[in-house]
Amino acid sequence: MIKIGNAPCSWGVEFADDPRNPAWRKVLQENADAGYKGIELGPVGFMPEDPAILSEALEEFDQELVGGVVFRPFHDPDAWDDVMDGAVRTCKALKAHGAEHLVLIDSISPRRAPTAGRADEAEQLDKAEWTTFRDKIATVAKMGAEEYGLTVGIHAHAAGFMDFEPELERLLDEVDENILKICFDTGHHSYAGFDPVAFMKKHIQRISYMHFKDIDPNVKADVVKNRTDFYEACGQGIFCNLGDGDVDFPAVRQTLLDAGFEGWCTVEQDCDPEGDTSPVDDAKLNRTYLQSIGF
């Protein structure tokens, strides 16, 4: 059975301490109102880290905690303490609420943001940097899998050093699949310039979790042509409602069904918390669209 959840980033929550964030209870309430039964943790610290408080609220709004993301600078040699802080706290929170999925994302790098969507121009890590980067990911994956019993997935993300398909496949080749699966994000794969469905068909046995995101093809063509950096592209609306972009969601669904995929697929529509969008309305539209194609 495929279950559909959503995430706080669809309400603009990217960083726990952003004063523009909506209230965490409001996010749970609106997620429930939009027809979802599951939600991600969001950046650790956004929702209460006291299990008793969060458990009561999840029950109140009939929500299941699906997973959580460690969106930290794995690429930064001076930020290991920050990465581990996020990883340990996220693992503890997920374990406390019986959530399954720990998602690892290399956060946005100033070295990569200017070339989002342009694999041929993007700066690459040198051999020593790559080795350190890979080993950090593997260390956190091993901890999440073996110490906390979580299913750990690597998530490629625009403007970080784990972005383009060759980098993702290199990592998959070099890290034990028993500790590291794939959290596959359809939108980021399209933004990177690759075919999401083709990748899914090739690697479906290692995909443990899905993020559903769509990409406006006109905005994508414009930002690639104009060498727009990642932050500006977000402001121009590159992440659109599901079904309005270039991701073939009926084919995504069929690929999952053909492989016997079971579990959660989470909607993510990153937005500006003070933008002119209505997150709850977008969440409802996305749920309605997914239902219309059989999810």
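The figures here come from the full heavy-atom set of this structure, side chains too, leaving out hydrogens, waters and symmetry mates.
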Open item on the list: Under a plain distance cut-off of 3.5 Å, with no hydrogens placed, do Trp130 and Glu174 share a side-chain donor-acceptor pair?
Closed with: yes
Task: Main-chain N/O of Asp222 paired with Asn226 side-chain donor or acceptor, under 3.5 Å - done: yes
TODO: Compare all side-chain heavy atoms of Phe161 with those of Gln124 and state whether any distance is below 4.5 angstrom.
DONE: no
Task: Donor-acceptor under 3.5 Å (Lys220 side chain, Ser190 main chain) - done: yes
Task: Trp24 side chain near Leu54 side chain, heavy-atom distance below 4.5 Å - done: yes
Task: Distance (rounded to the nearest 0.5 Å) between Met47 CE and Glu40 CD - done: 9.5 Å
Open item on the list: Atom CD of residue position Glu121 - does it have more than 12 heavy atoms of other residues, nucleotides or ligands inside 6.0 Å?
Closed with: yes
- [ ] Could you pull out the closest heavy-atom pair between Thr186 and Pro196, with the gap in Å?
- [x] O-CG, 3.5 Å
Task: Stepwise side chain to side chain contact (heavy atoms under 4.5 Å, CB included) test for Asp282 and Cys271 - done: CA-CA 10 Å; Asp282 284 339; Cys271 68; 5.9 Å; no
Task: side-chain contact (heavy atoms from CB on, under 4.5 Å) partners for Ser278, two or more places apart - done: Val280, Asp281
Open item on the list: Using the rule given for side chain to side chain contact (heavy atoms under 4.5 Å, CB included), can you reason through Met143 versus Val88, listing the C-alpha separation, both sets of side-chain angles and the distance that settles it, and then say yes or no?
Closed with: CA-CA 9 Å; Met143 177 184 73; Val88 170; 3.9 Å; yes
Task: Test log, rule side chain to side chain contact (heavy atoms under 4.5 Å, CB included), inputs Thr266 and Met210 - done: CA-CA 6 Å; Thr266 293; Met210 293 288 299; over 6 Å; no
Task: Glu60 atom CD: more than 12 heavy-atom contacts under 6.0 Å - done: yes
TODO: Answer with yes or no whether the hydrophobic clustering places Leu257 together with Phe212; edges join I, L, V, M, F, W, Y residues whose side-chain heavy atoms lie under 4.5 Å apart.
DONE: yes
Task: Test item: side-chain donor near acceptor, His203 and Glu169, under 3.5 Å - done: yes
Open item on the list: Same cluster or not: Leu172 versus Val103, using hydrophobic residues (I, L, V, M, F, W, Y) connected whenever any side-chain heavy atoms lie under 4.5 Å apart?
Closed with: no
Open item on the list: Under a plain distance cut-off of 3.5 Å, with no hydrogens placed, do Thr151 and Lys181 share a side-chain donor-acceptor pair?
Closed with: no
Task: Single hit among Leu104, Thr132, Val152, Asp106 for side-chain contact (heavy atoms from CB on, under 4.5 Å) with Ile137 - done: Leu104
Open item on the list: I'd like to know if Leu171 and Phe199 are part of one continuous hydrophobic network [Ile/Leu/Val/Met/Phe/Trp/Tyr, side-chain heavy atoms within less than 4.5 Å].
Closed with: yes
Open item on the list: If I take atom CG from residue Asp248 and atom CD from residue Gln254, how far apart are they, to the nearest 0.5 angstrom?
Closed with: 10.5 Å
Open item on the list: Ring centroids only, cut at 6.0 angstrom: are Phe184 and His211 within range, meaning strictly under it?
Closed with: no
Task: Backbone of Cys240 reached by a side-chain donor or acceptor of Asp214 within 3.5 Å - done: no
Open item on the list: Minimum heavy-atom separation for Val267 and Ser10, please, with both atom names.
Closed with: O-OG, 3.6 Å
Open item on the list: Check for me whether the distance between the ring centres of His101 and Tyr209 falls short of 6.0 Å.
Closed with: yes
Task: Between CD1 on residue Ile4 and CG on residue Asn286, distance to nearest 0.5 Å - done: 10.5 Å
Open item on the list: Looking at every non-hydrogen atom in both residues, tell me the closest pair between Val140 and Met84 and how far apart they are.
Closed with: CG2-SD, 4.0 Å
Task: Option from Leu94, Val44, Val70 for which side-chain contact (heavy atoms from CB on, under 4.5 Å) with Arg89 holds - done: Val44
TODO: Find the distance between CZ (Phe230) and OH (Tyr191) and round it off to the nearest 0.5 Å.
DONE: 6.0 Å
Open item on the list: Count I, L, V, M, F, W, Y as connected when their side-chain heavy atoms are under 4.5 Å apart, and connections chain through other members. Are Met162 and Ile182 then in the same cluster?
Closed with: yes
- [ ] Report yes or no: does Arg112 contribute a side-chain atom to a donor-acceptor pair with the main-chain N or O of Gly160 at less than 3.5 Å?
- [x] yes
Task: Atom of Ala116, atom of Ala159 and distance for their closest heavy-atom approach - done: CB-N, 4.3 Å
Task: Evaluation steps, salt bridge (charged side-chain N to carboxylate O under 4.0 Å, His left out), between Arg111 and Glu129 - done: CA-CA 13 Å; Arg111 294 164 63 187; Glu129 287 177 318; 3.3 Å; yes
Open item on the list: Could you see if Phe249 belongs to whatever hydrophobic cluster contains Trp264? Use Ile, Leu, Val, Met, Phe, Trp, Tyr and a side-chain cutoff under 4.5 Å.
Closed with: no
Open item on the list: Under a 3.5 Å distance rule, please check whether Glu167 uses its side chain to pair with a backbone N or O of Asp163 as donor and acceptor.
Closed with: yes
- [ ] Might you work through the side chain to side chain contact (heavy atoms under 4.5 Å, CB included) test for Leu58 and His97, ending with a clear yes or no?
- [x] CA-CA 9 Å; Leu58 290 169; His97 299 286; 4.0 Å; yes
Task: Counterpart residues, side-chain contact (heavy atoms from CB on, under 4.5 Å), relative to Tyr231 (two or more places apart) - done: Ile108, Ala113, Asp229
- [ ] Assert yes or no for the condition that the ring centre distance of Phe71 to His155 is strictly below 6.0 Å.
- [x] no
Open item on the list: Just to verify, what does Lys142 make a salt bridge (charged side-chain N to carboxylate O under 4.0 Å, His left out) with, not counting sequence neighbours?
Closed with: Glu146
- [ ] Mark yes or no for whether Arg72, through its side chain, and Ala87, through its backbone, hold a donor-acceptor pair below 3.5 Å.
- [x] no
Open item on the list: Can you tell me how far apart CG (Leu256) and CD1 (Ile207) are? Round to the nearest 0.5 Å.
Closed with: 7.5 Å
Task: Remaining members of hydrophobic cluster (4.5 Å side-chain criterion), Phe164 - done: Phe194
TODO: Not counting sequence neighbours, which residues clear side-chain contact (heavy atoms from CB on, under 4.5 Å) with Arg20? List them please.
DONE: Asp18, Asp272, Pro273, Glu274
Task: Asn31 (side chain) donor-acceptor with Val27 (main chain) under 3.5 angstrom - done: no
Task: Closest contact, heavy atoms only, His75 versus Pro77 - done: O-CD, 3.4 Å
Open item on the list: To the closest 0.5 Å, what do you measure between CG (Asp62) and CD (Glu64)?
Closed with: 9.5 Å
Task: Residue pair Ala158 / His188: nearest heavy atoms and the distance that separates them - done: N-ND1, 3.0 Å
TODO: Without swapping roles, check the side chain of Arg206 against the backbone of Leu180 for a donor-acceptor pair under 3.5 Å.
DONE: yes
Open item on the list: Between Thr277 (side chain only) and Pro279 (backbone N and O only), is there a donor and an acceptor less than 3.5 Å apart?
Closed with: no
TODO: For residues 258-270, pull every pair meeting salt bridge (charged side-chain N to carboxylate O under 4.0 Å, His left out), keeping only residues two or more places apart or in separate chains.
DONE: Lys213-Glu268, Lys213-Asp270
- [ ] Please confirm whether the backbone N or O of Gly68 pairs with a side-chain atom of Thr90, one donor and one acceptor, at under 3.5 Å?
- [x] no
